[in-house]
Amino acid sequence: MAELPDKRTAFIDWYLAVVEAARLTDKRYPVKGMNIWTPYGFRARRNLDAVLVREIEATGSEALEFPALIPANEFAKEKEHIKGFDAQVYWVTKGGLSDLDIPLVLRPTSETAIYPIFAVWVRSHRDLPLNVYQIVNVFRYETKTTRPFVRVREIHFFEEHTCQANEEHATERVRSNLEAFRKMAAAFVLPYLPIRRPEWDKFPGAFYSIAFDAPVGGARTLQLGSVHHYRENFSRPYGIRYEAADGSQQYVHQTTFGLSERLLGAIVAVHGDAKGAVFPTAIAPYQVVVIPIPGTESGEGPLKVASEAAERLRRHGARIHLDGGDERPGAKYYRWEAAGVPLRLEVGRREAESRTLTAADRLGRKGPVALDRLEHEVGERLAEFDRALAERAHAAFAASFAVARSLAELAGSTQVRLVAWCGSEACGHQIEAAIDGALLGTPEAPLPIDPGATGACIACGATDGARWALAGQPL
RNA sequence: GGGACUGUGGGGUAGCUUGGUCCAUCCUUCGGGGUUCGGGACUCCGAGACGCCAGUUCAAAUCUGGCCAGUCCCA
């Protein structure tokens, strides 16, 4: 079996090889940017979605689902939004053999599908807040190279859409989303930084956008998701108004919160190593794989003990796989390590006789597990694995940032850079050119390193209004 | 939108410059047999490909054109 490419020097090749070796998708579907979710990959996706659902519903949001097709005239109502998505929509222009009177857009995101209906639903201040989300597929005609999970044309999309009584409440909703994402990211063991995007890079039609960026090696970053404050930018064109307590008519202020399977890509990119993927237990398709080692003369002992252990753990609620195939044990170890399974339990003659299994976690720690205390000890080892994974990820996170004091210093960056920025678009673009990437924006949370005093804008030298911003190379 | 490059079994490849030695190489994968069995076993048998359509030629994986698909660079 071939070695994986080196993660540090050939990141993209490594990433593609890991996705392939872990068997998360099948990329052979003959439409660009549309991958097949294999049973194993689908399990990961389902676990991921479960976390999203749990955390968003904890904030009082309700699931619903809108249709996938949007009439062209509704799609065109908000000018900035259209400009932003025009070039990447798929059109449905025919029904059977005849042309449609009104062409339909296959949703690239669902504002324009949902908001005409919000206008009907929202009548009174008593209808507010309206917090709903859906998990659906959206379609974007990406022109750049597509990559599994990270840049696809059929996106598995989580989108929350809300209506609030006023700007303050909408700001409050944004905060609540940031907090919900903090909990989601904890389950994924993904360190990230919430960053307010610069004006020219906010969501088309938004008042402002806050994105979650994770460093994934070198100066590269991956946007994990985003939260947007729309103010009245959509409620005006779509006529989403309510009658306030004082009898006046008011436009709602809206927010959205978007996430996708990119999170899975980030989990692979951040945690993966030279052996393949590494899944945190919350997402792992299988949390434990049990491998019986029959041996030549050990009889049925190992097999019986292995299935007993698997059955008990399954009843206990663990996601478990018993690998009873007739490959040699070593081949199975490699396979499940590449697949990112957190914990492996080995059952050979020795284990069967002593009723003590051998556990090996994906980070390389090994030790005995008494069959008597199986559920408890496996639970502890999984928790310990998550802790160690978090520690490793946070160490890498902290090491991913460095201050740059001049534009020249940005060239060839091997870290995400903190730069002093005056806030002007012209300077922003100079910074982007210097790092051959993007000015990600200004942090919305404490920085992972202490950069000291801001000083002067790295591009124009102005000291007035200069603040810390982040620059990197988005994947 | 402009340009460059690339398409060979399920995956990765050799062959292409200079057409014939190719009913296409090697690794992997898959099916079957035997020996094995605590970190990717060995061996034997078998399966599986020249992106599509035209053209040039006695002869095309190889040359030409168009199409399709993909990759990279520039806007």
Side-chain angles (χ1 to χ4, degrees), chain A residues 1-6 10-41 83 85-89 141-148 150-154 200 220 273-277 289-306 309 322-341 343-369 371 429 432-433 436-438 473-475:
Chain A
M1 191 71 58
E3 294 280 305
L4 295 172
D6 184 66
F11 179 80
I12 293 297
D13 293 335
W14 169 86
Y15 175 79
L16 295 171
V18 169
V19 170
E20 170 116 23
R23 306 184 188 203
L24 292 167
T25 67
D26 194 320
K27 63 177 181 191
R28 291 171 296 188
Y29 195 75
V31 179
K32 178 185 166 89
M34 299 190 182
N35 297 318
I36 296 154
W37 291 87
T38 60
Y40 190 72
K83 246 199 298 176
F85 281 103
D86 220 6
Q88 31 178 318
V89 297
Y141 188 77
E142 280 289 348
T143 52
K144 294 211 172 106
T145 304
T146 57
R147 309 196 185 292
V150 170
R151 198 180 302 124
V152 290
R153 284 178 166 180
E154 180 175 17
W200 65 90
R220 284 181 294 266
D273 58 24
K275 289 176 168 179
V289 58
V290 180
I291 299 182
I293 305 167
T296 326
E297 288 149 23
S298 43
E300 293 189 339
L303 214 64
K304 275 176 74 174
V305 172
L322 174 65
D323 188 352
D326 56 9
E327 283 173 305
R328 297 156 73 92
K332 293 179 185 175
Y333 299 167
Y334 278 92
R335 152 122 7 115
W336 293 113
E337 280 165 359
V341 176
L343 191 70
R344 173 176 82 230
L345 291 176
E346 305 167 12
V347 193
R349 183 176 51 81
R350 293 198 296 267
E351 285 82 0
E353 284 170 0
S354 64
R355 295 191 57 82
T356 301
L357 313 190
T358 299
D361 78 16
R362 181 59 179 75
L363 296 177
R365 276 137 350 150
K366 280 185 111 159
V369 168
L371 200 52
H429 291 319
E432 298 190 322
D436 190 24
Q473 297 170 325
L475 267 190

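Per chain, numbering begins at 1; letters A, B, ... match sequence-line order.
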Asks: What nucleotide, of B:G39, B:U36, B:U71, holds the atom closest to the side chain of A:Arg328?
Replies: B:U36
Asks: Which base, if any, makes a Watson-Crick or G-U wobble pair with B:G46, both distances under 3.5 Å?
Replies: B:C30
Asks: Starting the side chain at C-beta, find the nucleotide from B:G39, B:G11, B:G38 nearest to A:Arg350.
Replies: B:G38
Asks: Within the modelled atom types, does a donor on one side and an acceptor on the other bring the side chain of A:Arg335 and the base of B:G39 under 3.5 Å apart?
Replies: no
Asks: What is the separation between atom CG on A:Asp26 and atom P on B:G11, rounded to the nearest whole Å?
Replies: 9 Å
Asks: Which residue, A:Ile12 or A:Thr358, contacts RNA chain B at a nucleotide closer to its 5' end, judged by nearest heavy atom?
Replies: A:Thr358
Asks: So A:Trp14 and A:Phe11, would you call those rings parallel, tilted or perpendicular, with 30° and 60° as cut-offs?
Replies: tilted
Asks: Between B:A59 and B:U18, how far is it from one C1' atom to the other, in whole Å?
Replies: 16 Å
Asks: Can you tell me how far C1' in B:U36 sits from the matching atom in B:C44, rounded to whole Å?
Replies: 15 Å
Asks: Take atom P in B:G39 and the same atom in B:C26, then report the distance between them in whole Å.
Replies: 31 Å
Asks: Atom NZ of A:Lys27 to atom P of B:A69: distance rounded to whole Å?
Replies: 18 Å
Asks: Taking atom P in both B:U64 and B:U28, compute the distance separating them and give it to the nearest angstrom.
Replies: 35 Å
Asks: Is the side chain of A:Thr358 donor-acceptor paired with the backbone N or O of A:Pro368 at a distance under 3.5 Å, no angle test?
Replies: no
Asks: Ignoring hydrogens and geometry, is there a side-chain-to-backbone donor-acceptor pair from A:Gln88 to A:Phe85 under 3.5 Å?
Replies: no
Asks: Could you check whether any side-chain N or O of A:Arg362 sits under 3.5 Å from a backbone N or O of A:Ala339, counting only pairs where one atom can act as donor and the other as acceptor?
Replies: no
Asks: Under a 3.5 Å cut-off for both distances, is B:U6 Watson-Crick or wobble paired, and to whom?
Replies: B:A69
Asks: Can you check the A:Asp326 CG to B:C42 P distance for me, whole Å?
Replies: 16 Å
Asks: Can A:Glu346 and A:Lys366 be counted as an ion pair, charged N to O under 4.0 angstrom?
Replies: yes
Asks: Record whether the side chain of A:Glu346 comes under 3.5 Å of the base of B:G39 through a donor-acceptor pair of N or O atoms.
Replies: no
Asks: Provide the Watson-Crick or G-U wobble partner of B:A60, both distances under 3.5 Å; none if there is no partner.
Replies: none
Asks: Starting from P on B:G11, measure out to CG on A:Asn35 and report it in whole angstrom.
Replies: 14 Å
Asks: How close or far is atom C1' of B:G40 from atom CH2 of A:Trp336, stated in whole angstroms?
Replies: 15 Å
Asks: From CG of A:Leu16 over to P of B:G12, roughly how many Å is that when rounded to an integer?
Replies: 11 Å
Asks: Does the ring of A:Tyr334 meet both stacking tests against the six-membered base ring of B:G40: centre distance under 5.5 Å and plane angle under 30°?
Replies: yes
Asks: Contact class for A:Lys32 (heavy atom, under 4.0 Å): base, sugar-phosphate, or nothing?
Replies: sugar-phosphate
Asks: Using atom C1' of each nucleotide, how far apart are B:A4 and B:U13 to the nearest Å?
Replies: 23 Å
Asks: Assess whether one donor atom and one acceptor atom, taken from the side chain of A:Glu337 and the base of B:G39, lie less than 3.5 Å apart.
Replies: yes
Asks: Are A:Trp336 and A:Ile291 side-chain neighbours, meaning at least one heavy-atom pair lies under 4.5 Å?
Replies: yes
Asks: Regarding A:Arg147, tell me which of base, sugar-phosphate or nothing describes its non-hydrogen contacts under 4.0 Å with the strands shown.
Replies: sugar-phosphate
Asks: Using the P atom as the point on both nucleotides, what is the distance between B:C67 and B:C22, in whole Å?
Replies: 35 Å
Asks: Looking only at side-chain atoms of A:Ala331, point me to the closest of B:G40, B:G38, B:U71.
Replies: B:G40
Asks: What distance, rounded to whole Å, do you find between the two P atoms, one in B:C5 and one in B:C63?
Replies: 13 Å
Asks: Rounding to a whole Å, what distance do you find between A:Ile291:CD1 and B:G39:C1'?
Replies: 10 Å
Asks: Take atom P in B:G19 and the same atom in B:G11, then report the distance between them in whole Å.
Replies: 31 Å
Asks: Counting only heavy atoms not in A:Arg151 (residues, nucleotides, ligands), do more than 12 fall under 6.0 Å from its CZ?
Replies: yes
Asks: To the nearest angstrom, how far is A:Tyr15 atom OH from B:U71 atom C1'?
Replies: 18 Å
